[in-house]
Participant: 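Input: one structure, supplied below.
Just so you know, ligand 1 is whichever comes first in the structure, and atom 1 is the first atom listed for that ligand.
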Amino acid sequence: MPAGVDNLERLEEEACREIAAAASLQALTEVRARYLGKKGSVAEVLRGIGDLAGDQRARIGQLANSAKRRIEMVVSERRRALERGQRDRTLGAERLDITLPGAEEPRAGHLHPVTRVFRDMVEFFTSMGFSIEEGPEVETEYHSFEALNIPKLHPARDEQDTFYVEGGNALRPHTSNVQIRTMTGRTPPFRFIAPGRVYRHDLSPRHYPMFHQIEGFLVDERVTFADLKGVLHAFGRHLMSDDIELRFRANHFPFTEPSAEMDYGCLLCERKGCGICSNSGWIEWGGCGMIHPQVLENCGIDPDRYQGFAFGMGVDRTALLRYGIPDIRLLFEGDLRVLEQV
Ligand code: PHE
């Protein structure tokens, strides 16, 4: 048997042992290079066969080639095994049990107390056939004042009370601007509500520079103050309690005549007097009245044919009372410790 054959068999055996012992892909690459590389052992055997006789040369050449193929096969197998091992280790280390309960329960949000009161109010009025209107918060003096019969020198137009912005406009101090915007160019009958933000220079436990009002107005033939009282009573019963008591006190607004301030009987003390109602038994709710003929005329509506009523009330105070929040500022600071209790 020619020496080459022996050599090749030994080589193959050694290669297989080393391949099996290669503990990493890197080590395996090195073993492979040592046997199958350009300067590797098999190549060396092949280089040596030049000196052999023709028939031997062919035989050894064949054997060397099949040894090469077998080693290559063993290397691939080992490579696959090493790769599998590595993947299993990684998967083991990164094992994630998605069925375990979370460390913290996801927090569900909820609507802001003012939004809830607004929605409740809107629901009542839409069920009564009122439609919703909106107006701009940066408003012209015409829509906030002039058209509402509030003359230039009226104290409500004082810079102490109203936030003016450049160009003679102002942040609207009430939602009554929507009356003008909505009535102008429309023919009665109609009934609208206008919920929204309003702005005034004010800051105290009961006042905030931005707060919310809901305005309501209805215009038709033969509308009376009794209609206004009926709607507000039904509203109070829906919003607060079937036992609600309302009180109307004569007042003055330039855009209504007659005008009234309305209060409702404190539900906490049943009008006996408590901290919430400042011991008076009554809580201020808003202003109302019959729309001034001049305002109707300013909007192009014939006051001899049509009458209307209007009312406007604060929304935030209702939220404070309903949810037992002691200070209006807590509503707008966005402190979750407070809002989460609501
Ligand atoms: N706009 C008045 C206010 O802000 C409220 C009001 C509205 C009064 C409609 C009468 C009619 O105080």
Participant: Only one of Phe124, Phe192, Phe125, Phe190 forms a ring-ring contact (aromatic ring centres under 6.0 Å, His included) with Phe130, so which one is it?
Facilitator: Phe125
Participant: Could you tell me which atoms of ligand 1, counted from 1 in the order shown, lie closer than 4.0 angstrom to a heavy atom of Arg200?
Facilitator: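 Under 4.0 Å from Arg200, ligand 1 has these atoms: 3 (C), 4 (O), 12 (O).
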Participant: Please, which pairs that meet ring-ring contact (aromatic ring centres under 6.0 Å, His included) have at least one residue in residues 141-173, sequence neighbours excluded?
Facilitator: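 Matches after skipping sequence neighbours: Phe163-His201.
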Participant: I need the nearest protein heavy-atom contact for atom 7 (C) of ligand 1: residue, atom name and distance, please.
Facilitator: Gly312 N, 3.3 Å
Participant: Look at the aromatic rings of Tyr264 and Trp285 and report parallel, tilted or perpendicular, splitting at 30° and 60°.
Facilitator: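 Ring orientation, 0 to 90° scale: perpendicular.
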Participant: What do we get for Phe311 next to ligand 1 when only non-hydrogen atoms under 4.0 Å count, side chain, backbone, both or neither?
Facilitator: backbone
Participant: Looking only at non-hydrogen atoms, which of Ser144, Ala310, Gly287, Pro173 approaches atom 6 (C) of ligand 1 most closely?
Facilitator: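 The residue whose heavy atom sits nearest atom 6 (C) of ligand 1 is Gly287.
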Participant: Can Phe217 be said to touch ligand 1, with heavy atoms closer than 4.0 Å?
Facilitator: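 No, that is not the case, since the closest heavy atom of the residue is not under 4.0 Å from the ligand.
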Participant: Is there at least one pair of N or O atoms, one from Gln213 and one from ligand 1, spaced under 3.5 Å apart?
Facilitator: yes
Participant: Report the C-alpha distance between Glu12 and Tyr35 in whole Å, list the side-chain angles of each, state the deciding distance to 0.1 Å, and finish with yes or no for side chain to side chain donor-acceptor pair (under 3.5 Å).
Facilitator: CA-CA 9 Å; Glu12 203 181 308; Tyr35 287 93; over 6 Å; no
Participant: How long is the straight-line distance from OH of Tyr306 back to CD of Glu221, given to the nearest 0.5 Å?
Facilitator: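 Interatomic distance, Glu221 CD to Tyr306 OH, rounded to 0.5 Å: 5.0 Å.
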Participant: Do any heavy atoms of Ser176 fall under 4.0 Å from ligand 1?
Facilitator: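 Flag set, Ser176 near ligand 1.
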Participant: According to the ring-ring contact (aromatic ring centres under 6.0 Å, His included) rule, which pairs have a member within residues 91-110, sequence neighbours left out?
Facilitator: none
Participant: Atoms of ligand 1 less than 4.0 Å from Thr256 heavy atoms?
Facilitator: 10 (C), 11 (C)
Participant: Under a 4.0 angstrom heavy-atom cut-off, which atoms of ligand 1 come close to Phe255?
Facilitator: 1 (N), 2 (C), 6 (C), 7 (C), 8 (C), 9 (C), 10 (C), 11 (C)
Participant: Report yes if some N/O of Glu215 lies less than 3.5 Å from some N/O of ligand 1; otherwise report no.
Facilitator: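 No: no nitrogen or oxygen of Glu215 is under 3.5 Å from one in ligand 1.
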Participant: Is the side chain of Arg157 donor-acceptor paired with the backbone N or O of Ile150 at a distance under 3.5 Å, no angle test?
Facilitator: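 Yes; at least one donor-acceptor contact below 3.5 Å.
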